[in-house]
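Bear in mind the structure is a predicted one, so any value in this text is a computation, not a measurement. These numbers come from the heavy atoms of this one structure, side chains and all, not from hydrogens, waters or symmetry mates. Numbering of ligands and ligand atoms starts at 1, following listing order.
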Amino acid sequence: MRIIQVLLGSRSYAIKVGGGLLPRLGAECAQLKLGQRCAVITDANVGKHFAKVALQSLAASGFQPILITIPAGEKSKRLAVVESCFNQLAAHRLERKSFIVALGGGVVGDLAGFVAAAYLRGIPFVQVPTSLLAQVDSSVGGKTGVNLKAGKNLVGAFYQPQLVLCDLDVLKTLPKREYVSGLAEVIKYGVIYDAVLFAQLERNLAKLLQRDVATLRNVIARCCEIKAEVVGQDETEGGLRAILNFGHTIGHAIENSSGYGKYLHGEAISVGQVAAAKLSQRILGLASGDVARIEKLFVQTGLPVKVKLNATLSKKLLAAMLLDKKVSGGEVKFVLAKKIGRVEFGCKVAAEAIEQVLDDCSR
Ligand code: GLY
């Protein structure tokens, strides 16, 4: 097992990466000295596979868990579902020392984390991410929240978990499309922070696509290390943390304007990262060889790098970008790459340049 520490003073916590961790959930929670009552929040798909093990493990360590199952999918990431969770927590008398286990992918983690942040003004929570995307990104760093019709993640809180348990075994049952989508966030870490990781991904892509456990352990641990380093320096995204949004400005706009759920998050940010690489070439002089390597790695991974666009959809995408949280003073700010492994944040980009790049990424 690999252990990575997220260092945030009194809000510090460990990320544990390894096989066989889910059956140890109860024992791990017992070390955190939490209250007896807890709620496992999961979705219908994940619950089918893993809720029983989680509940048994918690009960075996003396906890009294209840199970809250939400419908699977991005559409559940909304305030009505949050309210329904609050009502179930209250009905079962969960109290200040009680805790929540977020058992699932990014949707469950973001939603359950937000429920934990707000219920009784905050109760502890543990992340047990079951998708690759959640293991390398959304379960770490304390971003919690839900979507509004107007945009993704527009309501939420920075609220850190007490522990993140990344069990590699749970990735075996992940549908291929979802697994590949998670690789988009993995590649992102190479582009934004670590040229050595990027080259390893190029070399070991076949093993990664086969879900080779040793390769996965190293890659997931490295991604979590990078995220922990970034979040440790800038918890609430005053500056540096913005680099984690590489490819997300266009990616979120694609998700938003095509209706949540059409593109998986990883698919949308794959297009977004290739678009950002092309913008980086125009604006920061990213070498064409680097742009080509970035595009090739996404293509070989099986991720989309283009979307179907017409004039109406392009307009919709631009409008969605202007609603993004990363907009300030009406200007869209991008994270752009200088070279593979190094990016700059807060780069102002004119609407025409965005339009041209959207044209490039249109099929
Ligand atoms: N997923 C980006 C962040 O956690 O800041």
Side-chain angles (χ1 to χ4, degrees), residues 4-8 11-13 15 74 77 102 104-114 116-117 125 127 129 131-147 151-161 163-164 166 178 181-194 197 219-220 222-256 260 263-273 276 321 324-328 333-337 343-346:
I4 298 115
Q5 298 292 339
V6 183
L7 298 173
L8 290 166
R11 295 180 310 292
S12 298
Y13 55 95
I15 307 165
E74 186 78 24
K77 228 176 109 171
V107 169
V108 166
D110 287 8
L111 176 118
F114 185 55
F125 86 112
Q127 287 272 21
S131 69
L132 178 59
L133 184 140
Q135 292 196 352
V136 297
D137 183 46
S138 57
S139 68
V140 176
K143 276 192 182 175
T144 71
V146 292
N147 304 326
K152 241 177 106 72
N153 300 326
L154 289 183
V155 173
F158 286 103
Y159 193 67
Q160 301 296 339
L163 169 72
V164 180
C166 298
E178 245 193 85
S181 163
L183 289 173
E185 292 283 5
V186 170
I187 295 170
K188 180 191 79 179
Y189 287 104
V191 178
I192 64 169
Y193 207 83
D194 188 347
L197 172 66
V219 165
I220 292 173
R222 180 62 191 137
C223 294
C224 288
E225 245 169 39
I226 295 172
K227 181 129 192 200
E229 268 176 47
V230 171
V231 170
Q233 290 174 64
D234 178 21
E235 183 182 6
T236 54
E237 205 168 310
L240 178 72
R241 185 168 178 163
I243 68 171
L244 299 171
N245 297 326
F246 180 73
H248 283 57
T249 306
I250 290 177
H252 279 168
I254 291 172
E255 284 176 273
N256 179 245
Y260 297 127
Y263 288 95
L264 297 180
H265 178 66
E267 293 167 348
I269 64 154
S270 170
V271 180
Q273 288 184 72
M321 277 179 234
D324 197 277
K325 294 184 299 311
K326 292 171 280 297
V327 166
S328 93
K333 300 225 175 98
F334 276 81
V335 180
L336 298 178
V343 286
E344 290 180 8
F345 56 88

Glu185 and His265 side chains, donor-acceptor separation under 3.5 Å: yes
Side chain Arg241, main chain Gly141, donor-acceptor under 3.5 Å: yes
Identity and separation of the nearest protein heavy atom to atom 5 (O) of ligand 1: Arg241 NE, 2.7 Å
Heavy-atom side-chain proximity of Ile269 to Phe246 below 4.5 angstrom: no
Residue Asp137 vicinity, atoms of ligand 1 by number, heavy atom under 4.0 Å: 1 (N), 2 (C)
Leu197 vs Ile226 side-chain heavy atoms within contact, under 4.5 Å: yes
Option set Glu185, Lys227, Glu237, criterion heavy-atom distance to atom 3 (C) of ligand 1, minimum: Lys227
